[in-house]
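To keep things clear, I will list the structure first and then write my remarks on it.
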There are 2 protein chains.
Amino acid sequence: MNSNSLLGFALMGLIFEQPMSGYDLRKVFTTTAMGSFSDSPGAIYPALARLEANGMIHGTVEESASLRKRRVFQITHTGFEALKAWLFKPVTRDDIVRGIGNLMLRFAFMDRTVGEARTIEFLRGFADEIEAYLPGLYQFLEAHGNGMPLSSRLALECGIQEYEMRLRWVKASAAQYEERKRNQP
Amino acid sequence: MNSNSLLGFALMGLIFEQPMSGYDLRKVFTTTAMGSFSDSPGAIYPALARLEANGMIHGTVEESASLRKRRVFQITHTGFEALKAWLFKPVTRDDIVRGIGNLMLRFAFMDRTVGEARTIEFLRGFADEIEAYLPGLYQFLEAHGNGMPLSSRLALECGIQEYEMRLRWVKASAAQYEERKRNQP
DNA sequence: AATGTCATGTAACTAGTTACATGATTTA
DNA sequence: TAAATCATGTAACTAGTTACATGACATT
């Protein structure tokens, strides 16, 4: 099957939260904290076209009296199922090493799509994978740290600190979701 | 001119530190903390071929009695100049928002290439850009945090914490380089 | 004899980058 | 009326992904 790129999922997640045009989506990437995505039309319009060709979203031309006509996209049933399937994927070691950004994006979209229970499960998996990965980094630092150039060692230490920070954040976030779950049975 | 990709610079930096074969480079990506790069031959061998075609590196076939012959790459003068030019580039806002990984890689290679003074300058620029970017994130959180879904807000807060952590690291690293500079005049 | 590791590569596909193109409406 | 913003797209290029192919030597 045609699987979506990260940009594709980002677009679908945003469109799910609120139907939007390509131009609106570009603005989200330029003006909000989602600046890690490219706001170039050469990335977004082809991505939207692909999603539509795959039946994930559907665009309707909206003719306003004053402005130029715009195509507003909505997520389809198929698209929503694909989005949920993506959000439900288990957290892997590879996600931790090469795709932390993907995990953060998935988490950002979870609230209104998969519910507390699954969100907590996701955060548990996230924490587990970091906890499984970190000892190896410390071991590597122990074993090779002294022989490394200072800047390389500092860069490695920064990587470790990043994982430590994220682990703290994952646990604090899980706690917040646990509490919200308790308060709304 | 043909400019190199991040993978290209990673390969050049490693080859500069020690001449290596494609296979060695793959092993670096699988076994060390540089796991964010792909270790697939389909990425590395073409990248090496491009670098060689551009005169950045040069491979020599090494015939050992026992093992299969391997092509060991060395960096060329042109390549080293290109590497330094990359390391010397000023830190921009875009580097902070979309390419923190690039900055970290550049830093990791600085020690034996550009010297303390330039490394400190780089870290200052790094800190400045984070300090210029952070207030906007806090403002955004202040303005939209309450209206956001919980998971989105938490994701944003994680982003902020990451920048805060990195800022502390940058300052601590700069201090270490300052000290090293003082001790070796 | 079979499996695992060393070692280098190619081919088809995909998605993103940069740059260009167009035209309407709004503001200065 | 000139410039900025709204709005959508295309074309050429580039680099990375996945999967395949090959073969020597080492180990079990």
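The analysis underlying the following values was restricted to heavy atoms, covering all of them including side chains, and did not include hydrogens, waters or symmetry mates.
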Exercise for review: Assign B/Gly42 to base, sugar-phosphate, or nothing according to its heavy-atom contacts below 4.0 angstrom with the strands shown.
Suggested key: base

Study note, to complete from the structure: Between CD of B/Glu52 and C1' of C/dG9 the distance, given in whole Å, is 14 Å

Review point. Given C/dC6, is OP1 or OP2 found less than 4.0 Å from the side-chain N or O atoms of B/Arg71?
Key: no

Review point. Over how many whole Å does the gap from B/Met20 atom CE to C/dA7 atom P extend?
Key: 13 Å

Exercise for review: Take atom CG of A/Leu51 and atom P of C/dG16, then tell me their distance rounded to the nearest Å.
Suggested key: 10 Å

Check your understanding: So what does A/Arg26 hit on the nucleic acid, given a heavy-atom distance under 4.0 Å: a base, only sugar-phosphate, or nothing?
Key -> base

Review point. Quick one: is A/Ser40 getting a side-chain N or O under 4.0 Å of the C/dG16 phosphate, OP1 or OP2?
Key: no

Review point. C/dA21 C1' sits how many Å from A/Tyr45 OH, rounded?
Key: 14 Å

Review point. C/dT14 P sits how many Å from A/Leu7 CG, rounded?
Key: 16 Å

Review point. Pick from B/Val91, B/Asp94, B/Leu134: which one makes a side-chain contact (heavy atoms from CB on, under 4.5 Å) with B/Glu129?
Key: B/Val91

Study note, to complete from the structure: In whole angstroms, the gap separating P of D/dA15 from CG of B/Leu11 amounts to 12 Å

Practice item. Measure the acute angle between the ring planes of B/Phe122 and B/Phe107, then classify it against the limits of 30° and 60° as parallel, tilted or perpendicular. Key: parallel

Practice item. Specify the residue among B/Arg98 and B/Ala43 whose closest nucleotide of DNA chain C lies further upstream toward the 5′ end. Key: B/Ala43

Review point. Phosphate oxygens OP1/OP2 of C/dA15: is one of them under 4.0 Å from a side-chain N or O of A/Arg50?
Key: yes

Review point. Any idea which of C/dT10, C/dA7, C/dT18 is nearest the B/Pro46 side chain?
Key: C/dT10

Exercise for review: Give A/Ser5 one of three labels, base, sugar-phosphate or nothing, depending on what nucleic acid heavy atoms sit under 4.0 Å from its own.
Suggested key: sugar-phosphate

Check your understanding: Got more than 12 heavy atoms from elsewhere within 6.0 Å of CZ, A/Arg124?
Key -> no

**Study point:** Integer-rounded Å distance: C/dT8 P and B/Ile44 CD1
**Key:** 11 Å

**Study point:** Salt bridge A/Lys89-A/Asp95, side-chain N to carboxylate O under 4.0 Å
**Key:** no

Review point. To the nearest Å, how far apart are B/Tyr23 OH and C/dC6 P?
Key: 4 Å

Review point. Any sub-3.5 Å donor-acceptor pair from A/Arg180's side-chain atoms to A/Glu116's backbone N or O?
Key: no

